[in-house]
Structure formats: structure tokens, C-alpha cells
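Note that the numbering runs from 1 along the sequence shown for the chain.
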Amino acid sequence: MEVQVLSRKFIKPSTPTPNHLRTHKLSLFDQVAPPIHIPFLFFYPSDGISTTNEKLQKLQKSLSDTLTLFYPQSGRFIKEDLVVDCSDQGVEFFEAKVNVQLNELLSLLPKRLELLNHFVPWDIRFTVLPTTPMVAFQVTVFECGGLVICVHTSHVVSDGVTMVAFINAWATACRLGIGEVVRPRLDLSSIFPSRDIARELTINIPPPNFSRKVVTRVFLFDAAKIAELKDKLGGSGEERKPSRVEVVTAVVWKALILAARARNEGKLRNSVLLFVVNLRGRTALPMSENLAGNFYMETPIKFEPEQNTTEPEHHLLVNLIRESIKTSLATFGKLSDGDEITSAAVNFLNQVRKSKLDEEVDVHHFTSRCRFPLYDSDFGWGKPCLVTCVCMPVEFVALMDTKCETAIEAWVSLEEPRMLEFEKDPDISGLATSSCSTDGKIIS
């Protein structure tokens with residue numbers, strides 16, 4: 001398979017950003033977000049009606065219109081000042097073609113997941129520079145007329161909720177016109193201004209190490225498996241049954257704990273699961289639902305094995321996950337002042353950083369994109385037949401719904417020796433899988 005980039009250009013807002021909006025200040029939550037770009041891929045079969053040129057023209061015109069509302073996306077990050085210069089420098093837009101049919105690619109993916117990275121415009125380990133666009137897009141056309149849209153968004157201005165809001169706003173503008181798009185709120189910095197938090201963050205952590213060979217695999221928890229797990233772990237009495245995300249997270253976490261035990265001469269180690277929690281609607285501070293930017297926290301969920309414990313029970317892990325998130329949300333839920341919420345967020349961040357530097361603790365990063373409306377992105381030629389992540393160069397676990405929303409894919413990225421142990425877990429070994437390695441070729 002060969003992807004050929006045909007053109008690259010910059011798309012700017014269709015209307016210049018007003019002078020009073022040219023400097024977009026980062027919020028505290030933007031300030032502590034990792035300065036990386038996160039790619040998502042949206043696959044569309046041919047509709048047999050619109051030509052490729054018609055689609056590309058509509059995509060570019062509607063993207064230009066959408067950037068008038070999400071204007072920080074077309075700016076440039078100035079790290080020293082903790083601002084985005086919104087002088088309409090533009091987003092980078094690539095047009096490409098690939099010498100396979102869409103169905104051919106889909107048939108290859110179960111064993112060749114690294115092919116997904118060919119549709120990303122930049123190396124996902126790309127260092128953010130002052131001239132780096134906040135977003136890059138690549139539209140790759142298949143021989144059959146189908147296409148895949150890569151949205152490669154900077155975490156500095158977007159968390160997962162914002163990224164989905166942006167892609168669906170763009171799709172709505174393309175399908176119905178910019179007048180039908182709900183305007184995002186971009187004033188988080190007025191509530192949580194960035195500040196010099198070096199003294200408050202008591203622990204510094206090193207940047208990610210991209211030199212290690214990390215392997216990514218996708219494990220499918222189908223509806224039957226999830227139902228089986230929920231029945232097995234169902235609560236007693238009035239206690240509610242665990243959710244789909246809770247049971248899948250518990251199973252994956254247990255397998256990670258046991259993989260670490262195998263590397264530690266059979267002894268269980270302390271384990272911390274860092275679970276991303278969206279804070280929108282979770283504080284007592286009145287806020288708009290369409291709030292854009294970063295507004296989440298990583299909740300540390302701790303497993304500390306008791307003496308003579310050979311392995312954790314799924315019930316225990318589900319309860320730890322549920323109670324830890326419940327306690328964390330209760331902390332934020334009673335706060336109605338921006339400074340109080342900022343202080344609580346910094347406290348959680350210090351807990352996270354302390355865990356990362358403890359050599360006696362295994363730390364695992366988890367995020368769930370389940371219930372995100374990823375499959376609602378209809379540009380006018382139907383909803384996507386597939387939405388995916390790509391192969392990540394760092395250890396990470398992401399949960400995503402399949403299109404039917406009854407199954408969950410666990411995208412697990414681990415160093416190769418750890419992955420070999422992880423796959424041996426009896427709850428993991430029977431699942432359908434796809435695999436790849438981050439040393440595959442990336443188009444740049």
C-alpha cells in the first residue's frame with residue numbers, strides 16, 4: 001500500500017479574527033495538558049453521487065467557515081507567554097491518494113494495524129514548534145472513491161470533547177451550512193487563568209521517552225462478552241451493576257497488574273490507574289455545555305495488594321474504579337469558585353506526578369471515548385463506516401465504542417515485552433485482536 005500526498009496548503013478562517021480575539025490565553029487546564037497532537041481517522045465509503053473534487057472543495061470551504069468559530073485552532077502556540085497567537089496563520093490541509101480500495105484496507109487492518117499511521121500527515125512524535133499549526137488534516141482518497149479524513153489536533157487547545165465538537169461542527173457546516181453550527185465557548189481562561197504553578201507542582205516529571213519500541217493492539221469486547229462480565233460482576237441488592245466501561249477497564253487493568261507480576265518474580269506490585277474524567281457539568285460552577293478547550297482531570301485509582309494476595313479480584317478493581325471516581329467528582333461537585341477548582345486540580349496533578357516517579361508503583365494511563373458522538377460526523381455523504389485511533393508511541397489505553405455502540409474496543413499500547421505478558425491473561429487471550437508497532441512508516 002502506498003499513500004501519495006498530492007498537495008498541502010493552509011486553510012484560514014473565511015472571516016478574519018477580530019483584533020480583540022487575536023490573543024487567546026490558555027486556561028490552567030490548557031497549561032498542564034501535554035503539548036502533543038492527537039490523531040483520529042474517519043473512514044467514509046463512496047456515496048456514488050458527489051465527485052472527489054466536489055467533496056474536497058466542500059470540505060475546504062466548510063473548514064474555513066468553521067475556523068471562524070474555533071479560531072484558536074488556526075493560530076500558533078507561544079509557550080513562553082502561555083497564549084495562542086490567533087492571527088489566522090491557518091491549519092495545514094493535505095490531499096492524498098492511496099492505491100487500494102477501502103474494503104481492501106479494512107480487510108488488512110486486523111493484522112496490519114500499522115497501516116493506519118500512513119494516513120496521519122505528521123509523525124505522531126512530532127515536537128511542537130512555534131510555527132507548528134494547531135491542527136493538521138489529511139484527506140486520503142481510495143481507488144473506489146471512498147476517503148479517510150485524519151484530524152490531527154493539538155492537545156494545547158483541545159481535549160477529547162472539544163475535538164469531537166470541532167469535527168461535528170465542521171461536518172454540520174459542510175452538510176447544512178455554518179449557520180447551523182452551535183458557537184463554542186472559548187472563555188475558560190477567564191474562569192481558570194493560567195499562572196506560575198511551578199511552586200505548587202511539587203514534582204517535575206521527565207518528558208515521554210519515544211525511543212522505546214511500543215506495540216499497539218486492539219482488543220474487542222463484544223456485546224456478549226460485556227454482558228457476561230456485567231452479570232458476573234453484578235451488584236447485590238440495591239447496588240447497581242457495573243457499567244460497560246467499568247467492567248472493561250477492570251479486566252484490562254487486572255491483566256496489566258498480572259503482567260507486571262510476571263516481571264517481578266511473581267510478586268504483586270502497587271498499581272495506579274490514571275483515568276481521564278471530563279469535568280463539564282461536574283462542578284457547582286455554572287458553565288455552558290459547549291465549553292471548548294481542556295477541562296478534564298486524571299483521577300488516580302490505587303491498587304495496593306494485601307499480604308499473600310496472589311491476584312486482584314475483578315470485583316475489587318471495579319469497586320476501586322467506581323469509588324475513586326465518585327470521590328473525585330464529589331470533591332469537584334461541591335466547588336463553585338474558580339480558584340477552589342484550580343487548587344483541587346493542582347492537588348490531583350501532584351498526586352499523579354508523585355505516582356509516576358515512584359519506582360515501586362506501576363502507572364497506567366486510561367481514557368474512555370465511549371459515548372462520544374464520533375460516528376455522528378456526516379459531511380453530506382453519510383456517517384463514517386469506521387472511526388479509529390492510530391498506533392501510539394507511548395504506553396496508553398483508550399476505550400472506544402464500535403459503530404453499533406454495544407461493543408468496546410480497548411486500544412492498548414505497551415512496550416513489547418509487557419504486551420507479550422499482557423496477552424497471556426485468560427480474560428484477554430480469547431478476544432479478537434489487531435496489532436501493530438510504532439516503528440511502521442509514517443507519511444510526512
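- Among residue pairs with one or both ends in residues 59-74, those qualifying as salt bridge (Lys or Arg N to Asp or Glu O under 4.0 Å) are K61-D65; sequence neighbours excluded.
- Aromatic ring centres of F142 and Y44: separated by at least 6.0 Å.
- With 3.5 Å as the limit, one finds a donor-acceptor pair spanning the side chains of Q73 and S158.
- Between E246 and K230, none of the side-chain N atoms (NZ, or NE/NH1/NH2) sits under 4.0 Å from a carboxylate O, so this pair counts as no salt bridge.
- Look at R244 and D401 and you find a salt bridge, because one of the NZ, NE, NH1 or NH2 atoms lies within 4.0 Å of a carboxylate O, short of that distance.
- Salt-bridge formation is detected for the pair K9/E95: a Lys NZ or Arg NE/NH1/NH2 atom is positioned less than 4.0 Å from an Asp or Glu carboxylate oxygen.
- For F119 and F94, the distance between ring centers is not under 6.0 angstrom.
- Comment: E421 engages K424 in a salt bridge, judged by a side-chain N to carboxylate O separation of less than 4.0 angstrom.
- A salt bridge is absent between K213 and E415; no separation between the charged side-chain nitrogens and carboxylate oxygens falls under 4.0 Å.
- Checked against the 6.0 Å centroid criterion, the rings of W170 and F379 qualify as a close aromatic pair.
- By the salt bridge (charged side-chain N to carboxylate O under 4.0 Å, His left out) test, D358 pairs with no residue at all, sequence neighbours left out.
- A salt bridge links K383 to D376: at least one charged side-chain nitrogen sits closer than 4.0 Å to a carboxylate oxygen.
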Check the pair D88 / R76 against salt bridge (charged side-chain N to carboxylate O under 4.0 Å, His left out), numbers first and verdict last. CA-CA 9 Å; D88 300 338; R76 297 295 182 270; over 6 Å; no
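- Under a 4.0 Å N-O distance rule, the pair D30/K25 does not qualify as a salt bridge.
- Relative ring orientation between Y296 and H155 is described as tilted, the plane-to-plane angle lying within the 30° to 60° band.
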Step-by-step ring-ring contact (aromatic ring centres under 6.0 Å, His included) determination, H20 to Y71: CA-CA 12 Å; H20 70 282; Y71 53 88; 8.7 Å; no
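- K12 and Q89 share no donor-acceptor pair across their side chains, judged by distance under 3.5 Å alone.
- Evaluation of the side-chain contact (heavy atoms from CB on, under 4.5 Å) rule for R269 yields N264, E360, D362 as partners, not counting sequence neighbours.
- For F192 and F29, the ring centers are positioned less than 6.0 Å apart.
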